[in-house]
Amino acid sequence: EALCAVVRPKGLSPLPSSGNAQQFRERVACLGEWLHELELPDASDESLMAALDTWLKPALLGKSRLDALSNAELSDALYSLYSWSERQRIDQLAPAHISVPSGLQRAIHYQAGSTPVLAVKLQELFGLAKSPTVADGRIVVTLHLLSPGGKPLQITQDLSNFWNSTYAEVRREMKIRYPRHPWPEDPWSATATHKTKPRGS
């Protein structure tokens, strides 16, 4: 109760920073914008502050300082506001990660009021015809196609158009700057990869 009393006048800022917890809140907020019919519990600052005794107080039992609360414990406390089925729906409709053609899982970044963003190296998407979607296909993910050095080469929601138009120009420039990475003439038939080419190839 004493630790909750510290939080009440200051808001959530004294709590440890948890990227997972913040992204979970953004995912919930986005789904509230896109799919009103879900009627998910609100995860806004105001709602969380009003429900401190429900979600935060149990997580602070046995602790004498706020910074003793780990990021994982903070995330678990936040998740406790949602039923198992609600968390399953959130993960299904607004997944934190998505599998890309390279075989790896890449994080999707959510922010209320914006389209979700997937930042991924261009080579990991070879052969993919359409930009990914979330929210039962209603929302197209914005792709930040990255160079091997992690710099954005193109921002698009129309991956097919990028392969058919802009890619050739990107390829001409990038294959000189990053010769150890694959820059095939035909991105549709190339194998998606996160690896460099073998030396000497």
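Numbering of residues begins at 1 and proceeds along the displayed sequence.
Within the 4.5 Å cutoff, the side chain of N20 has no heavy atoms near those of the L74 side chain. Between P16 and D67, the closest side-chain pair of non-hydrogen atoms is not below 4.5 Å. Looking at heavy atoms from C-beta onward, L128 lies in side-chain contact with L159 at the 4.5 angstrom threshold. With a 4.5 Å cut-off on side-chain heavy atoms, D136 and L35 do not count as touching. Counting only heavy atoms from C-beta outward, the side chains of L56 and L15 approach each other to under 4.5 Å. The shortest side-chain heavy-atom distance between E86 and L40 falls under the 4.5 Å cut-off. Taking 4.5 Å as the limit, some side-chain heavy atom of L118 sits within range of a side-chain heavy atom of I98. Using a 4.5 Å heavy-atom threshold, the side chains of H194 and K121 count as separate.
Ring-plane geometry between W163 and F126 is classed as tilted, the angle between the planes lying from 30 to 60 degrees on a 0 to 90 degree scale.
Y82 contributes a side-chain N or O that, together with a main-chain N or O of P41, makes up a donor-acceptor pair within less than 3.5 Å. Looking at E73, its side chain does come within 3.5 Å of a backbone N or O of S70 through a donor-acceptor pair. Listed for the R106 side chain is no donor-acceptor partner under 3.5 Å among the backbone atoms of A119. The backbone N or O of Y178 sits less than 3.5 Å from a side-chain atom of W183, completing a donor-acceptor pair. Within the 3.5 Å criterion, the main-chain N or O of A112 finds a donor-acceptor partner in the side chain of E26. The backbone N or O of P182 sits less than 3.5 Å from a side-chain atom of Q123, completing a donor-acceptor pair. Although no hydrogens or angles enter the test, the distance criterion places no donor-acceptor pair under 3.5 Å between the side chain of T166 and the main chain of F162. Between the side chain of S47 and the backbone N or O of A43, no donor-acceptor pair lies under 3.5 Å.
A donor atom on one side chain and an acceptor atom on the other are not found under 3.5 Å apart for T193 and S102. Side chains of Q92 and Q88: a donor-acceptor N/O pair is absent below 3.5 angstrom, by distance only. Donor-acceptor pairing under 3.5 Å is recorded for the side chains of T142 and Q157.
Between P95 and L93, the shortest heavy-atom contact is CD-C, 3.5 Å. The two atoms that bring E124 and V120 nearest to each other are CB-CG2, 3.8 Å, heavy atoms only. Residues S131 and V141 approach most closely at CB-O, 3.9 Å, considering heavy atoms. Residues W34 and S114 approach most closely at CZ2-O, 4.0 Å, considering heavy atoms. In plain terms, the two heavy atoms of A129 and W188 that are nearest each other are CA-CZ3, 3.5 Å. When all heavy atoms of T196 and H181 are compared, the pair lying nearest together is CG2-CE1, 3.3 Å.
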Go through the steps to decide whether L81 and T54 satisfy the test side chain to side chain contact (heavy atoms under 4.5 Å, CB included), and finish with yes or no. CA-CA 8 Å; L81 288 170; T54 301; 4.0 Å; yes
Yes or no on side chain to side chain contact (heavy atoms under 4.5 Å, CB included) for S147 and L122, after CA distance, side-chain angles and deciding distance? CA-CA 6 Å; S147 72; L122 181 152; over 6 Å; no
Starting from the C-alpha separation in whole Å, work towards a yes-or-no answer on salt bridge (Lys or Arg N to Asp or Glu O under 4.0 Å) for R27 and D91. CA-CA 9 Å; R27 290 159 65 199; D91 287 342; 2.6 Å; yes
Residue pair I108, H97: steps toward the side chain to side chain contact (heavy atoms under 4.5 Å, CB included) verdict: CA-CA 5 Å; I108 300 178; H97 297 81; over 6 Å; no
For M49 and V7, what are the C-alpha separation, side-chain angles and deciding distance, and is it a side chain to side chain contact (heavy atoms under 4.5 Å, CB included)? CA-CA 8 Å; M49 288 299 297; V7 174; 4.2 Å; yes
Show your reasoning for whether side chain to side chain donor-acceptor pair (under 3.5 Å) applies to D42 and S44. CA-CA 6 Å; D42 188 11; S44 66; 2.8 Å; yes
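The hydrophobic clustering, which links ILVMFWY residues whose side-chain heavy atoms are closer than 4.5 Å, places L38 and I139 together. Linking ILVMFWY residues whenever their side-chain heavy atoms come closer than 4.5 Å, directly or via other members, places L66 and L78 in the same cluster. No chain of hydrophobic side-chain contacts below 4.5 Å, direct or via other Ile, Leu, Val, Met, Phe, Trp or Tyr residues, connects V117 to V100. L153 and L146 fall into different hydrophobic clusters, where Ile, Leu, Val, Met, Phe, Trp and Tyr side chains are chained together by heavy-atom contacts under 4.5 Å. Note: the hydrophobic cluster containing L143 does not contain V140 (ILVMFWY, side chain heavy atoms under 4.5 Å, direct or indirect links).
In this structure, S17 OG and Q22 CD are separated by 8.0 Å, a value rounded to the nearest 0.5 Å.
The 12-atom threshold is exceeded at NZ of K63, counting heavy atoms of other residues, nucleotides or ligands nearer than 6.0 Å. E1 CD: more than 12 foreign heavy atoms inside a 6.0 Å radius.
Applying the salt bridge (Lys or Arg N to Asp or Glu O under 4.0 Å) rule to D53 yields the partners R8; only residues at least two apart in sequence or on another chain are considered.
You'll find the ring centres of Y79 and W55 outside the 6.0 Å limit.
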